[in-house]
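The block underneath contains the structure these notes are about, expressed in structure tokens.
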There are 2 protein chains.
Amino acid sequence: MNLRDLDYICAVADHKHFGRAADSCHVSQPTLSGQIKKLEAQLGVTLFERSHKGIRVTDIGEDIISIAREAREAAQRIKSVAASAQDPLAGNLSLGLIPTIAPYLIPLFVSQLQSAMPKMSVAYREDITDRLNEALLNGELDVAVLATPPEEDSLTAIELYSEPFWLLFPEGHELGTFKNASMKDVKEDDVLLLTEGHCFRDQALSICRPAQKARRQSLRATSLETLINLVASGQGVTLVPALAMRGGWSPEMGLMSHELTDKGAERQIYLTYRKRFPRVGAVQALATLIQDGLPESVRVA
Amino acid sequence: MNLRDLDYICAVADHKHFGRAADSCHVSQPTLSGQIKKLEAQLGVTLFERSHKGIRVTDIGEDIISIAREAREAAQRIKSVAASAQDPLAGNLSLGLIPTIAPYLIPLFVSQLQSAMPKMSVAYREDITDRLNEALLNGELDVAVLATPPEEDSLTAIELYSEPFWLLFPEGHELGTFKNASMKDVKEDDVLLLTEGHCFRDQALSICRPAQKARRQSLRATSLETLINLVASGQGVTLVPALAMRGGWSPEMGLMSHELTDKGAERQIYLTYRKRFPRVGAVQALATLIQDGLPESVRVA
DNA sequence: TTCAGCCATAAAAACTGTCTATCATTTTTA
DNA sequence: TAAAAATGATAGACAGTTTTTATGGCTGAA
């Protein structure tokens with residue numbers, strides 16, 4: 001049996017005439033006759049009672065043809081579902097972001113996303129790099145905004161932007177007298193960091209002098225917001241990524257900041273996805289959309 | 001697209017492994033890979049994300065495969081409906097009978113029909129020959145028990161039995177003194193007949209002497225039962241077909257009867273159906289069943 | 001009776017699906 | 001780290017199926 005055979009019998013049932021049915025299927029009449037004859041033989045059932053007056057559909061023929069229509073309709077639905085999925089800017093996309101990016105980046109593109117890709121529905125997930133990578137690998141996630149390049153061979157990434165680090169310190173701190181800041185100006189045990197697992201912790205540590213690295217085990221914040229509040233309350237200074245500076249909180253909260261002048265005081269942000277992920281178009285579109293929404297405080301490659 | 005292709009994608013979705021899916025479809029792995037690749041190209045959609053770790057079904061793939069399962073299920077249903085319709089002793093059959101046969105013949109085979117062909121459901125229709133023939137031709141009816149051979153080329157018939165005519169007369173009638181009866185013994189204007197349209201009227205007339213034929217225009221019964229009652233009330237004599245004699249009414253109602261000795265005082269009963277009617281098996285089975293239930297008063301060919 | 005309409009049949013041609021053999025890549029194992 | 005195993009993709013030959021054109025036979029109508 002064959003979907004085409006089902007087309008043929010439905011056409012004959014509709015036209016009650018082999019020749020016209022054949023025309024409607026764009027095949028010759030012998031083709032249609034032959035295929036229907038074969039199908040009848042396979043099923044062991046006569047679908048049509050042929051006579052020169054006209055075609056009569058047998059009782060069993062009626063039954064079978066109505067099921068055939070269901071099958072054809074399903075096949076048709078497959079085609080239209082596939083056709084409407086053609087659009088790379090449609091469908092579901094699950095997007096992961098790390099906690100030091102999500103709250104600052106998402107507002108920069110969500111509304112644009114809605115208007116530019118209304119048929120794309122994005123599910124967000126905020127988690128630390130390791131877990132996002134894992135989710136990418138097992139297919140729970142389609143794409144992720146990460147601050148580390150992919151390590152697995154099966155992953156690849158688009159470079160989104162590079163994000164400078166800023167030094168955040170409380171009002172009245174001696175750094176306030178400086179025009180700009182470098183890590184050299186920071187006291188070793190003055191730097192507050194995130195808890196382990198946050199990649200930004202490692203990135204911040206990597207631009208500290210070696211001596212600093214072992215210190216301050218006791219004070220670790222679980223989020224950037226907490227960290228900032230700690231700084232505001234005079235517990236020390238910290239580094240924040242540029243996008244986190246977008247909030248208007250600095251003056252009111254008694255916080256001051258300098259962009260760091262140190263070379264390498266920045267991190268590269270990637271849009272990571274599986275190499276085999278089929279909807280590269282959607283990923284590309286998302287990357288461009290994110291980049292278009294970025295402020296000038298970060299540098300797009 | 002093809003039902004086989006749908007089998008393939010469902011198998012891959014089930015096994016998450018091309019090789020094993022190919023095995024389950026009893027084809028080689030390249031065949032399966034190739035067909036799926038082609039289907040994906042046709043649909044313009046990636047159904048599976050292939051990697052060496054395992055197969056991941058894409059979102060659109062999930063959608064399409066679930067529809068594919070519907071189509072496969074419909075195809076399967078076609079096969080099983082056809083298979084269960086293989087049985088010639090199953091299905092619906094519409095059976096017509098003429099009024100001078102129906103009430104006497106149906107009781108002779110209905111119970112046998114139920115037990116011998118329990119999956120066959122017969123719809124009965126009682127009507128005069130012309131209308132039954134018409135219904136046969138336009139497909140309203142599948143078979144008919146008629147007392148005339150088919151006239152249309154597209155119809156054919158099985159000879160069921162030949163049914164002698166009996167002469168029915170009231171008790172006290174002079175015919176009661178005879179051992180047997182012939183039409184020669186009957187007074188011309190004594191014969192009561194059915195209304196026009198009943199073939200039995202014509203059959204009865206045909207064995208009357210020509211002189212009788214123009215008479216008795218005024219008394220015409222619309223049914224055999226009426227005719228018999230008319231005879232019982234002394235209005236005349238009549239002919240009845242043998243099967244109508246089966247009832248136990250003769251003595252009680254003051255009726256007597258002789259089987260006619262005239263040559264040709266009988267009629268041939270046919271089971272008529274369209275030459276092209278596909279379920280000849282059902283018709284044959286019905287014919288045999290009817291014949292098996294007949295009494296000895298009629299002759300099976 | 002002839003003619004036109006309709007479905008069935010036959011033989012050749014085109015197409016499609018399948019197989020074997022082989023490759024490239026990835027993962028596992030030694 | 002290198003060899004082996006596993007997995008899916010590719011290529012070319014082959015077989016089976018579908019399709020087409022040409023033709024036949026039957027039926028109903030003029």
Side-chain angles (χ1 to χ4, degrees), chain A residues 1-9 11-42 46-58 61 137-138 150-156 274-278, chain B residues 1-9 11-42 46-58 61 134 137-139 150-156 274-278:
Chain A
M1 200 190 319
N2 212 323
L3 282 170
R4 205 180 318 107
D5 296 339
L6 302 188
D7 289 344
Y8 292 163
I9 62 176
V12 172
D14 288 341
H15 292 89
K16 309 250 189 264
H17 187 290
F18 275 61
R20 282 192 286 279
D23 283 348
S24 83
C25 295
H26 309 294
V27 292
S28 67
Q29 170 266 315
T31 297
L32 186 118
S33 288
Q35 291 306 105
I36 288 182
K37 186 189 170 86
K38 204 176 66 175
L39 180 64
E40 286 181 324
Q42 278 173 4
T46 304
L47 267 14
F48 305 107
E49 195 176 318
R50 290 102 160 141
S51 80
H52 292 269
K53 286 218 160 152
I55 300 297
R56 217 181 74 82
V57 183
T58 63
L137 289 174
N138 67 26
E151 305 218 324
E152 297 281 338
D153 280 352
S154 62
L155 298 180
T156 185
R274 289 184 299 283
K275 270 181 192 159
R276 318 269 190 174
F277 185 63
Chain B
M1 198 190 321
N2 210 320
L3 282 171
R4 204 179 317 106
D5 297 339
L6 302 187
D7 289 344
Y8 293 163
I9 63 177
V12 172
D14 288 341
H15 292 91
K16 312 252 189 258
H17 187 290
F18 275 62
R20 281 191 286 280
D23 283 348
S24 83
C25 295
H26 310 293
V27 292
S28 68
Q29 168 267 316
T31 296
L32 186 118
S33 288
Q35 291 306 105
I36 288 181
K37 186 189 171 86
K38 205 174 66 174
L39 180 64
E40 286 181 324
Q42 279 173 4
T46 304
L47 267 14
F48 305 106
E49 198 175 315
R50 289 100 160 143
S51 80
H52 293 268
K53 284 215 162 153
I55 300 297
R56 218 182 74 82
V57 183
T58 62
E134 195 183 336
L137 288 174
N138 67 26
E151 304 218 325
E152 297 281 338
D153 280 350
S154 61
L155 297 181
T156 185
R274 289 184 298 283
K275 269 182 192 159
R276 318 270 189 174
F277 185 62

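Below, each value reflects all heavy atoms present in this structure, side chains not excepted, and no hydrogens, waters or symmetry copies. So you know, we letter chains A, B, ... as the sequences are listed, proteins then strands, and number each from 1.
- One atom, NE2 of A/His17, and another, C1' of D/dG28, lie 14 Å apart when rounded to the nearest Å.
- Under 4.0 Å is where a charged nitrogen must lie from a carboxylate oxygen, and between B/Lys16 and B/Glu49 no such pair does.
- Taking 4.0 angstrom as the limit, A/Ser33 places a side-chain polar atom (N or O) nearer than this to OP1 or OP2 of C/dA8.
- B/Asn2 has its CG atom 12 Å from the C1' atom of D/dT17, to the nearest Å.
- The 5' end of DNA chain D is approached more closely, in terms of each residue's nearest nucleotide, by B/Gln29 than by the other of A/Gln29 and B/Gln29.
- In this structure, of D/dG8, C/dT18, D/dT20, it is C/dT18 that holds the atom nearest to the side chain of B/Val27.
- Taking 4.0 angstrom as the limit, A/His26 places none of its side-chain polar atoms (N or O) nearer than this to OP1 or OP2 of D/dT19.
- Atom P of nucleotide D/dT20 and atom CG of A/Leu32 are separated by 10 Å, given to the nearest angstrom.
- Taking every side-chain heavy atom of A/Pro30 into account, C/dA8 is the closest of C/dA8, D/dT19, C/dC19.
- In the set D/dA9, C/dC6, C/dT18, C/dT18 carries the atom at the smallest distance from any side-chain atom of B/Arg4.
- Atom-to-atom, NZ of B/Lys37 to P of D/dA9 comes out at 7 Å; the value is rounded to the nearest Å.
- Rounded to an integer number of Å, the gap from B/Ile55 CD1 to D/dT7 C1' is 8 Å.
- Residues from residues 46-54 of chain A placing a heavy atom under 4.0 Å of any atom in DNA chain C, listed by number, are A/Arg50, A/His52.
- At whole-Å resolution of the value, CG in A/Asp23 and P in C/dC6 are 11 Å apart.
- Nearest heavy-atom pair, A/Thr58 versus A/Thr46, reported as atom, atom and distance to 0.1 Å: OG1-O, 2.8 Å.
- Between B/Gln42 atom CD and C/dC15 atom C1' there is a gap of 14 Å when expressed in whole angstrom units.
- No engagement by A/Asp153 is indicated, since no non-hydrogen atom pair under 4.0 Å with the nucleic acid exists.
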Intermediate values then yes/no, side-chain contact (heavy atoms from CB on, under 4.5 Å), A/Met1 and A/Leu6 = CA-CA 8 Å; A/Met1 200 190 319; A/Leu6 302 188; 4.0 Å; yes
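- Salt bridge status for A/Glu152 with B/Lys53: absent, with no side-chain N to carboxylate O gap under 4.0 Å.
- Across all their heavy atoms, A/Cys25 and A/Asp7 have their closest contact at SG-O, 4.2 Å.
- Here D/dG28 presents its C1' atom at 12 Å from CZ of B/Arg276, a figure rounded to the nearest Å.
- Under a 3.5 Å cut-off, the side chain of A/His15 and the backbone N or O of A/His17 do not form any donor-acceptor pair.
- A residue-by-residue look at A/Arg20 and A/Gly34 shows that A/Arg20 has its nearest nucleotide of DNA chain C further toward the 5' end.
- Checked by atom type, the side-chain pair B/Thr31/B/Gln35 shows no donor-acceptor distance below 3.5 Å.
- Of all heavy-atom pairs between A/Leu137 and A/Ser154, the closest is CD2-OG, 3.4 Å.
- Between D/dT20 and A/Thr31, a contact under 4.0 Å exists linking OP1 or OP2 to a side-chain N or O.
- Mapping B/Phe18 and B/Glu152 onto DNA chain D via the closest heavy atom, the residue that lands nearer the 5' end is B/Phe18.
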